[in-house]
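Residue numbers begin at 1 in each chain, while the letters A, B, ... track the order of the sequences.
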Amino acid sequence: MEHNDSFPQRVWQIVASIPEGKVTTYGEIARLAGSPRAARQVGGVLKRLPEGSTLPWHRVVNSQGTISLTGPDLQRQRQALLSEGVQVSGTGKINLRKYRWDY
DNA sequence: CACGTGACCGATT
DNA sequence: AAATCGGCCACGT
């Protein structure tokens, strides 16, 4: 990963490398991207993904292991994770001990 | 340049 | 366990 890439580009690359069936956090991505305190911005980047992007954005949750999205969006992310074998409660809670991606 | 805005985080009530 | 608080920083206006 090139250090001169823009923040969004670094985020895209990192998210793209999260393996199926695993999840990571906004804060962890921020650290890997070289801006350890820019977790909110990671969320901002994912929100603005182009329509039809293949990036596995659904593998990103908050530091408490819960889905940060709400309403229908929460359920979409939940389904995407369930379909690749990640257990998610109805309210969007995930066991990070079990599914966290260790870089 | 000066704000306002968050798919956040960690520490502290 | 849950709510609150202060800090954070990329981006838009």
Side-chain angles (χ1 to χ4, degrees):
Chain A
M1 118 154 42
E2 302 296 329
H3 175 284
N4 49 342
D5 284 343
S6 72
F7 181 74
Q9 285 177 325
R10 294 194 296 265
V11 170
W12 295 333
Q13 283 194 314
I14 295 161
V15 173
S17 70
I18 306 171
E20 182 178 333
K22 290 287 178 181
V23 301
T24 189
T25 67
Y26 298 97
E28 175 66 7
I29 291 172
R31 283 189 289 278
L32 294 175
S35 294
R37 277 142 293 178
R40 295 183 86 139
Q41 288 54 247
V42 173
V45 168
L46 297 186
K47 181 199 302 207
R48 300 182 188 80
L49 282 181
E51 194 66 40
S53 166
T54 61
L55 215 66
W57 57 270
H58 58 278
R59 299 181 188 144
V60 186
V61 299
N62 65 37
S63 67
Q64 311 313 304
T66 64
I67 291 174
S68 286
L69 293 177
T70 60
D73 289 334
L74 187 161
Q75 293 308 324
R76 261 199 277 117
Q77 180 168 5
R78 177 168 179 269
Q79 284 307 318
L81 287 170
L82 288 174
S83 72
E84 55 184 61
V86 176
Q87 294 181 323
V88 189
S89 80
T91 54
K93 176 69 178 168
I94 293 159
N95 186 333
L96 284 183
R97 300 242 204 145
K98 190 167 178 183
Y99 296 108
R100 185 195 292 277
W101 168 50
D102 307 301
Y103 180 71

What is the distance from [atom1] of [X] to [atom2] of [N], rounded to the nearest Å?
| X | N | atom1 | atom2 | result |
| --- | --- | --- | --- | --- |
| A:K47 | B:dT5 | NZ | P | 12 Å |
| A:W57 | B:dC8 | CH2 | P | 13 Å |
| A:I29 | B:dC9 | CD1 | C1' | 14 Å |
| A:L69 | B:dA7 | CG | P | 8 Å |
| A:R31 | B:dC9 | CZ | C1' | 9 Å |
| A:L46 | B:dA7 | CG | P | 11 Å |
| A:N62 | B:dC9 | CG | C1' | 9 Å |

Of all heavy-atom pairs between [X] and [Y], which one has the smallest distance, and what is that distance?
| X | Y | value |
| --- | --- | --- |
| A:W12 | A:V45 | NE1-CG1, 3.5 Å |
| A:T66 | A:K93 | CG2-CD, 3.5 Å |
| A:R10 | A:S35 | NH2-OG, 4.3 Å |

Mind running side chain to side chain contact (heavy atoms under 4.5 Å, CB included) on A:L69 and A:W57 for me, showing each step along the way? CA-CA 12 Å; A:L69 293 177; A:W57 57 270; 3.8 Å; yes
Distances under 3.5 Å between protein N/O atoms and the N/O atoms of nucleotides 7-11 of chain C, please, pair by pair.
from  : atom 1 : to    : atom 2 : distance (Å)
C:dG7 : O6     : A:R40 : NH1    : 3.0
C:dC9 : O4'    : A:Q41 : NE2    : 3.4
C:dC9 : O2     : A:Q41 : OE1    : 2.3
C:dC9 : O2     : A:Q41 : NE2    : 3.3

Would you say A:S63 reaches B:dG10's phosphate, i.e. side-chain N/O to OP1/OP2 under 4.0 Å? yes
When you look at A:Q87 and A:N95, which way does the side chain to side chain contact (heavy atoms under 4.5 Å, CB included) test go after all the steps? CA-CA 8 Å; A:Q87 294 181 323; A:N95 186 333; over 6 Å; no
Is a side-chain N or O of A:K22 found less than 3.5 angstrom from the main chain of A:D102, in a donor-acceptor match? no
For A:Q64 and for A:G44, find the nucleotide of DNA chain B with the closest heavy atom, then tell me which residue's nucleotide is more 5'. A:G44
